[in-house]
Amino acid sequence: MLDYVGLEADLDEEERLIRDTARKFVEDEIADDIGDHFEAGTFPTDLIPKMGELGFFAPNLEGYGSPNVSETAYGLLMQELEACDSGLRSMASVQGALVMYPIHQFGSEAQKEEWLPALGQGEAVGCFGLTEPEHGSNPSAMETRAEKDGDEYVLNGSKTWITNSPIADVAVVWAKDRSDDDTVRGFLVETDRDGVTTNKIDDKLSLRASITGEISLQDVRVPEANVLPGVEGMKGPLSCLTQARYGIAWGAIGAARDCFEEARAYATDREQFGGPIAQFQLQQQKLAEMATQITTSQLLAYRLAELKERGDLRPQHVSMAKRNNVRMARDQSRVAREMLGGNGITTDYSPMRHMANMETVYTYEGTHDIHTLILGEDLTGIQAYQ
Ligand code: FAD
C-alpha cells in the first residue's frame with residue numbers, strides 16, 4: 001500500500017492494530033461484494049453490529065464503552081474504510097462523529113447511558129438531521145421548529161439528504177426553539193415516535209452503497225429530557241461537522257490510495273504495443289502525480305491528527321484538509337479510471353465507483369465552495385458568503 005515517505009513506520013502498536021483490523025475486515029467481509037452493493041444501491045446492514053464489535057464507531061471518544069484511541073488511529077480507520085467505499089466510511093462517520101459525539105459532548109448522563117453503548121456496539125443506528133430541502137449550505141436558516149408544551153417539545157419540519165435515516169433508531173435533529181428566541185437546539189428523536197417518517201431517497205448516482213433519506217416531523221412530541229442540554233446555537237451542529245470532516249480528510253486518502261493501487265496493478269499487467277502500459281511515460285507520469293498528491297494529502301492528515309491530539313486544531317484547519325484531500329481524491333480517481341481504459345467503467349474495478357462517490361463527498365459536510373469561503377474569511381477577515 002502506498003506510504004511513500006514512510007509515515008506508517010512511526011505508528012504505535014495500537015494504531016497498527018486498528019489499521020490492520022479495519023483492512024482485514026474490509027478484505028474478509030465486504031471487498032468482494034461492494035461493487036454489487038453499489039450497483040444495487042444497498043448497504044450491508046448485517047455488518048453494522050460487526051463494525052460495532054470491532055470498535056469502528058467513535059473509538060476516539062472516552063468512556064461508555066469507547067476506548068479513546070489516538071486521533072491518528074481514528075484517521076487510519078476512516079482511511080481503511082473509505083479505501084473500500086465512501087458509503088462504508090459514511091456509516092462509521094455518521095454514527096461516530098455526528099451522533100455519538102454530540103451525545104458524548106453535550107448529552108445528559110441519562111442520554112449518554114441510554115445511547116452511547118448501544119450505538120457504539122452497532123445495536124442501534126443513529127442519523128444526523130441538519131440539512132433541509134431549502135437550506136443546505138446555509139443551515140442557520142433552518143425552518144424546523146420546536147415549541148415547548150408543558151414538559152414536552154413539539155417538533156415540526158423536514159430534513160433531507162440524511163444518511164441512514166430510513167434505518168435509524170434515533171435522529172439527532174437540529175431545530176429552532178420557538179419558546180426561546182429561535183435558539184438552535186439538538187433533540188434526540190426516536191424514529192418510532194408518532195409523526196416521524198423517514199422516506200428513502202432512491203436514484204442516487206453517487207454514494208450508492210449508503211442509505212440516504214428524509215426525516216419528516218409532524219407534531220412530533222418528545223420529552224424535554226430528549227434535548228441535548230450542553231449546547232445551544234449553531235455551535236452544536238458545527239462542532240459535530242468538524243469531527244466528521246476530520247474523518248473525511250483522512251478517508252478520502254483511502255479512496256485515492258485504492259484507485260492508485262488499482263491503476264498501478266493494471267498498468268503493470270495490461271499489455272499494449274508489445275509491453276505493459278506501465279512502460280509508457282504518459283502512464284508513469286499519471287502514477288507519479290497520483291502518488292505525489294496522495295502523499296501530500298497524507299502529510300496534511302497526519303499533521304491534523306497532531307494538532308487535534310494536543311487541542312490546537314481549529315475548524316479552519318479541518319476545512320483546508322477536507323477541501324484539499326477530497327478534491328485530490330476526486331481528481332485522482334478520474335485519472336485512475338482513465339488508466340483502466342474500457343474496463344475502468346465497470347464495477348469490477350474500484351476507480352469509477354470511487355469517482356462517483358467523490359461527487360457526494362465533495363458536496364456533503366460543507367461543499368468545496370463553502371470550505372473555500374471559510375478559508376477566505378480566515379485569511380482575510382472578510383466573510384464572502386452573502
Ligand atoms: P446548496 O447549498 O443549494 O448549494 C448548491 C451550490 O451552490 C453548491 O455548489 C454550493 O457550493 C454553492 N453555494 C451555496 N452557497 C454559496 C455561497 N455563499 N457562495 C458560493 N457558492 C455557494 N446532511 C445532513 O444534515 N445529514 C446527513 O447525514 C447528510 N448526508 C448526505 C448524504 C448525501 C449522499 C448527500 C448528497 C448529502 C448529504 N447531506 C447530509 C446534505 C449535504 O450536507 C448538503 O447537500 C450540502 O450541505 C449542500 O447543500 P445543498 O445540497 O442544499 O446545496
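Note that ligands are numbered from 1 as they come in the structure, with each ligand's atoms numbered from 1 the same way.
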Student: Could you list which atoms of ligand 1 come closer than 4.0 Å to a heavy atom of Tyr385?
Tutor: 18 (N)
Student: With sequence neighbours excluded, tell me which residues meet ring pair (Phe, Tyr, Trp, His ring centres under 6.0 Å) with Tyr362.
Tutor: His368
Student: Knowing that exactly one of Gln383, Arg314, His317 qualifies, which makes a side-chain hydrogen bond (donor to acceptor under 3.5 Å, both in side chains) with Asp378?
Tutor: Arg314
Student: In the protein, which heavy atom is nearest to atom 26 (N) of ligand 1, and how far is it?
Tutor: Phe128 O, 2.9 Å
Student: With a cut-off of 6.0 Å (strictly less than), are more than 12 heavy atoms of other residues, nucleotides or ligands near CZ of Phe280?
Tutor: yes
Student: Assess whether atom CD of Gln218 is packed by more than 12 heavy atoms of other residues, nucleotides or ligands within 6.0 Å.
Tutor: no
Student: Establish, from distance only, whether the side-chain atoms of Arg323 and Thr372 form a donor-acceptor pair under 3.5 Å.
Tutor: yes
Student: Around atom 45 (O) of ligand 1, find the nearest protein heavy atom and jot down its residue, atom name and distance.
Tutor: Thr363 CG2, 4.0 Å
Student: Judged by modelled atom types alone, do Tyr302 and Asp10 share a side-chain donor-acceptor pair under 3.5 Å?
Tutor: no
Student: Working to the nearest 0.5 Å, report the span between CD of Glu214 and CD1 of Ile162.
Tutor: 9.5 Å
Student: Quick one: does atom 6 (C) of ligand 1 have a protein heavy atom under 4.0 Å from it?
Tutor: no
Student: Just jot down the ring pair (Phe, Tyr, Trp, His ring centres under 6.0 Å) partners of Phe56, sequence neighbours excluded, or say none.
Tutor: Phe25
Student: What residue and atom, counting heavy atoms only, is the protein's closest point to atom 16 (C) of ligand 1, and at what distance?
Tutor: Ile370 CD1, 4.0 Å
Student: Tell me: protein heavy atom nearest atom 27 (C) of ligand 1, and distance?
Tutor: Trp161 O, 3.3 Å
Student: Under 4.0 Å from any heavy atom of Leu130, which atoms of ligand 1 are there?
Tutor: 25 (O)
Student: Whether the side chain of Glu152 engages the backbone of Asp149 through a donor-acceptor N/O pair (distance < 3.5 Å, no angle test) should be reported.
Tutor: no
Student: Quick check against the 3.5 Å criterion: does His354 have a side-chain atom that pairs as donor or acceptor with the backbone of Ala256?
Tutor: no
Student: Identify, by atom number and element, the atoms of ligand 1 in contact range of Ile162, meaning under 4.0 Å from any of its heavy atoms.
Tutor: 24 (C), 25 (O), 26 (N), 27 (C), 28 (O)
Student: Heavy atoms only: which of Thr372, Thr367, Thr163, Asn357 lies closest to atom 48 (C) of ligand 1?
Tutor: Thr367
Student: Going by heavy-atom distance to atom 9 (O) of ligand 1, choose the closest among Val173, Leu373, Asp369.
Tutor: Asp369
Student: Looking only at protein heavy atoms, identify the closest one to atom 52 (O) of ligand 1 and say how far it is in Å.
Tutor: Gly136 CA, 3.2 Å
Student: To which protein heavy atom is atom 34 (C) of ligand 1 closest, and what is the distance rounded to 0.1 Å?
Tutor: Thr360 CG2, 3.5 Å
Student: Which part of Glu365 is near ligand 1, with near meaning a heavy atom under 4.0 Å away: side chain, backbone, both or neither?
Tutor: backbone
Student: Just to confirm my output: which protein heavy-atom neighbour is closest to atom 23 (N) of ligand 1, and how far is it?
Tutor: Thr131 OG1, 2.7 Å
Student: May I ask you to identify the nearest protein heavy atom to atom 2 (O) of ligand 1, giving residue, atom name and distance to one decimal place in Å?
Tutor: Ser137 OG, 2.6 Å
